[in-house]
Amino acid sequence: MTDLTEVTEAGTQAIMKNNKLEFTVPMEIAIDVGSGFTKYTNGVSENNLPSLVCPFTSDGDFGVLSDEVVTFGGQSYLTGISAFNFGGKANERFSTLTEDWAGSEGWMALIYRVIGNLGITTGKIKLATGIPQSYFTRDRDRVLKVLNRSHEFVFQGIEHSVEIEAVLIPQAAATLFYAAANDESVLDDYVGCIDVGTYTTGFSVINGMRFVPRLGGGLSVGMSELHGKLREELKHKGFVTDDSRYEQICTQKRYRHQGQVHDITGMVNDLAMSVAGKVIDEINREDGNKESWNGAGEMRVFITGGGANHFAPAIKSSIHHLEVMDDSFYAVAKGMLIYLKNKE
């Protein structure tokens, strides 16, 4: 009989030989729990969901399906779009725009939701995930302590019991592993990456795939600041909506108000320019521990993350040779998985 590799119900890979399981290995996955979206991949496929989480206290609401609820620690949570559709008011959702988002209850609810989405009900999981570059040294041990243990939760009405073995990587650094996997010239090059997320922007530099710490860092500026500025501009025009809607409005560069569709391409571009200026200033700032990129003229520079296409035109005004990374939306998750697979 030909040997077969299959993914079992337990979420582990197994070699079938003579109709017997010869051995199993942990499932390897990467989850990028961002402040705006949670992106994930197992190396075969990738997907995402909005990083919206709120407590769920009812099971009788019309339209709420069992697979929209994650339960652990005696509490149930709505995750993703269902938190918007079926949850309470916006202020009842967990805030993702805080420095302690990673490792929080809401953050873990999204980790569990992804594990459930991937059909992993039991067994060991090798997980790669990340946190912003600027918080990495401070939060690494705390987040790993939350992850590296046995976990029990309920998803789709099914009990899940998994053991997580996690590695943590700065989100901006992960994108450089993805870049190197797609372009071998990166392996020997001097390369910088700017990762524009929802709440933070991180930046990282490698020289021959060795990180240069004094050139890395980040700041609490990202798409959420652009959303906030846009919210204020549209409020003056009489338009008010749920805060979670501004991501779609920014992407589409239009909004509907009182039956009329308004194009706001120019407004979004101008606001992005003003926010991106703070990123440029931080990259070129120098202090006792951090060295300026000095315009990054010697580097090859990529921009990635959910805000890449919004911020790229503005940052190009300072770094003319800036490149938008291929598949920038999933680059962090894919880079983390590459790091996990090559770590040992």
Side-chain angles (χ1 to χ4, degrees), residues 30-40 47-54 70 77-84 87 90-114 128-136 138-140 142-143 146-147 168-175 193-204 217-231 241-251 271-272 275-276 278-279 282 303-311 328-333 335-336:
I31 309 175
D32 175 23
V33 186
S35 294
F37 289 88
T38 296
K39 289 85 70 177
Y40 58 95
N47 210 333
N48 71 90
L49 64 148
S51 294
L52 301 176
V53 185
C54 68
V70 176
Y77 303 88
L78 289 165
T79 56
I81 193 63
S82 64
F84 174 84
N91 61 9
E92 296 177 24
R93 299 176 204 143
F94 287 90
S95 174
T96 67
L97 306 179
T98 64
E99 292 188 4
D100 58 355
W101 166 237
S104 67
E105 284 184 18
W107 192 85
M108 283 304 304
L110 292 167
I111 291 281
Y112 293 153
R113 169 68 188 268
V114 170
T129 189
I131 55 178
Q133 182 91 37
S134 54
Y135 311 147
F136 185 78
R138 185 195 71 185
D139 292 345
R140 177 182 180 275
R142 175 181 64 83
V143 175
V146 170
L147 290 170
L168 204 62
I169 184 172
Q171 290 160 322
T175 63
C193 183
I194 303 166
D195 175 33
V196 182
T198 298
Y199 180 58
T200 62
T201 294
F203 40 94
S204 197
L219 69 167
S220 298
V221 170
M223 287 296 293
S224 61
E225 185 161 340
L226 174 56
H227 297 161
K229 288 179 177 292
L230 181 61
R231 180 177 61 244
T241 189
D242 190 286
D243 283 354
S244 65
R245 295 278 301 148
Y246 286 99
E247 171 64 31
Q248 183 175 342
I249 292 170
C250 272
T251 299
L271 293 174
V275 177
K278 297 181 180 181
V279 176
E282 180 64 18
I303 186 169
T304 189
N309 289 324
H310 289 288
F311 280 39
S328 59
F329 186 71
Y330 284 106
V332 171
M336 291 190 300

*If every non-hydrogen atom of Gln133 is compared with every non-hydrogen atom of Pro170, which pair is closest and at what distance?*
OE1-CB, 3.4 Å
*asked:* How close do His227 and Cys250 get, counting heavy atoms only, and between which atoms?
replied: CD2-SG, 3.6 Å
*If we only count heavy atoms from C-beta on, is the Leu52 to Ser244 side-chain gap below 4.5 Å?*
yes
*Return the set of residues passing salt bridge (Lys or Arg N to Asp or Glu O under 4.0 Å) with Glu225 (not counting sequence neighbours), or none when no residue passes.*
Lys278
*Tyr330 and Asn48: side chain to side chain donor-acceptor pair (under 3.5 Å), yes or no, with the steps?*
CA-CA 9 Å; Tyr330 284 106; Asn48 71 90; 2.9 Å; yes
_Any Tyr199 side-chain heavy atom under 4.5 Å of Thr98 side chain_ = no
*Below 4.0 angstrom, N of the basic side chain to O of the carboxylate: do Arg142 and Asp139 qualify?*
yes
_Return the CD to CG distance between Glu247 and Leu230, rounded to the nearest 0.5 Å._
11.0 Å
_Nearest 0.5 Å, please: how far is CD1 in Ile303 from SG in Cys193?_
8.5 Å
*asked:* Under the criterion side chain to side chain contact (heavy atoms under 4.5 Å, CB included), I'd like the reasoning laid out for Tyr40 against Ile111: C-alpha separation, chi angles, the key distance, then a yes or no.
replied: CA-CA 10 Å; Tyr40 58 95; Ile111 291 281; over 6 Å; no
*How many angstroms lie between atom CG of Asp195 and atom OG of Ser204, to the nearest 0.5 angstrom?*
9.5 Å
*side chain to side chain donor-acceptor pair (under 3.5 Å) evaluation trace for Tyr246 with Thr251*: CA-CA 8 Å; Tyr246 286 99; Thr251 299; over 6 Å; no
*List in chain and number order the residues that pass ring pair (Phe, Tyr, Trp, His ring centres under 6.0 Å) with Tyr112, two or more places apart in sequence or in another chain; answer none if no residue qualifies.*
Phe72, His151, Phe153
*Of all the heavy-atom pairs spanning Trp101 and Gly106, show the shortest one and how long it is.*
CH2-C, 3.5 Å
*asked:* Taking ring pair (Phe, Tyr, Trp, His ring centres under 6.0 Å) as the definition, give me every residue that meets it alongside Phe136, ordered by chain and number, with sequence neighbours left out.
replied: none
_Val275 side chain reached by Lys229 side chain, heavy atoms, under 4.5 Å_ = yes
*asked:* Between Ile194 and Val279, is the side chain to side chain contact (heavy atoms under 4.5 Å, CB included) condition met? List the steps.
replied: CA-CA 9 Å; Ile194 303 166; Val279 176; 4.1 Å; yes
_By side-chain contact (heavy atoms from CB on, under 4.5 Å) - contacts of Ala333 (at least two apart)_ = Asp32, Lys39, Thr41
*Which heavy-atom pair separates Ser51 from Thr38 by the least distance, and what is that distance?*
OG-OG1, 2.8 Å
*asked:* Classify the ring geometry of Phe94 against Tyr77: parallel below 30°, tilted from 30° to 60°, perpendicular beyond 60°.
replied: tilted
*Check side-chain contact (heavy atoms from CB on, under 4.5 Å) between Ser82 and all other residues, then give those that pass, not counting sequence neighbours.*
Glu68, Leu78, Phe86
*Distance in Å, Ile31 CD1 paired with Leu110 CG, rounded so as to fall on 0.5 Å steps*: 9.0 Å
_To the nearest 0.5 Å, what is the distance between CD on Gln248 and CG on Asp242?_
11.5 Å
*Would you check if the side chain of Thr175 reaches a backbone N or O of Val332 as a donor-acceptor pair within less than 3.5 Å?*
no
_Could you go through Phe37 and Leu49, starting from their C-alpha distance and side-chain angles, then the distance that decides it, and tell me whether this counts as side chain to side chain contact (heavy atoms under 4.5 Å, CB included)?_
CA-CA 6 Å; Phe37 289 88; Leu49 64 148; over 6 Å; no
*Minimum-distance pair of heavy atoms, taken over all atoms of Ser328 and Thr304*: O-OG1, 3.1 Å
_Please enumerate all residues that pass salt bridge (Lys or Arg N to Asp or Glu O under 4.0 Å) together with Asp243, with sequence neighbours excluded._
Arg231
_Verdict with supporting geometry, Val53 and Trp107, side chain to side chain contact (heavy atoms under 4.5 Å, CB included)_ = CA-CA 8 Å; Val53 185; Trp107 192 85; over 6 Å; no
*Spacing of Thr201 atom OG1 and Met223 atom CE [to the nearest 0.5 Å]*: 10.0 Å
*Return yes if some donor-acceptor pair links the side-chain N/O of Arg113 with the main-chain N/O of Thr79 below 3.5 Å, else return no.*
yes
*For residues Ser35 and Thr198, report the shortest heavy-atom separation together with the two atoms involved.*
CB-CB, 3.7 Å
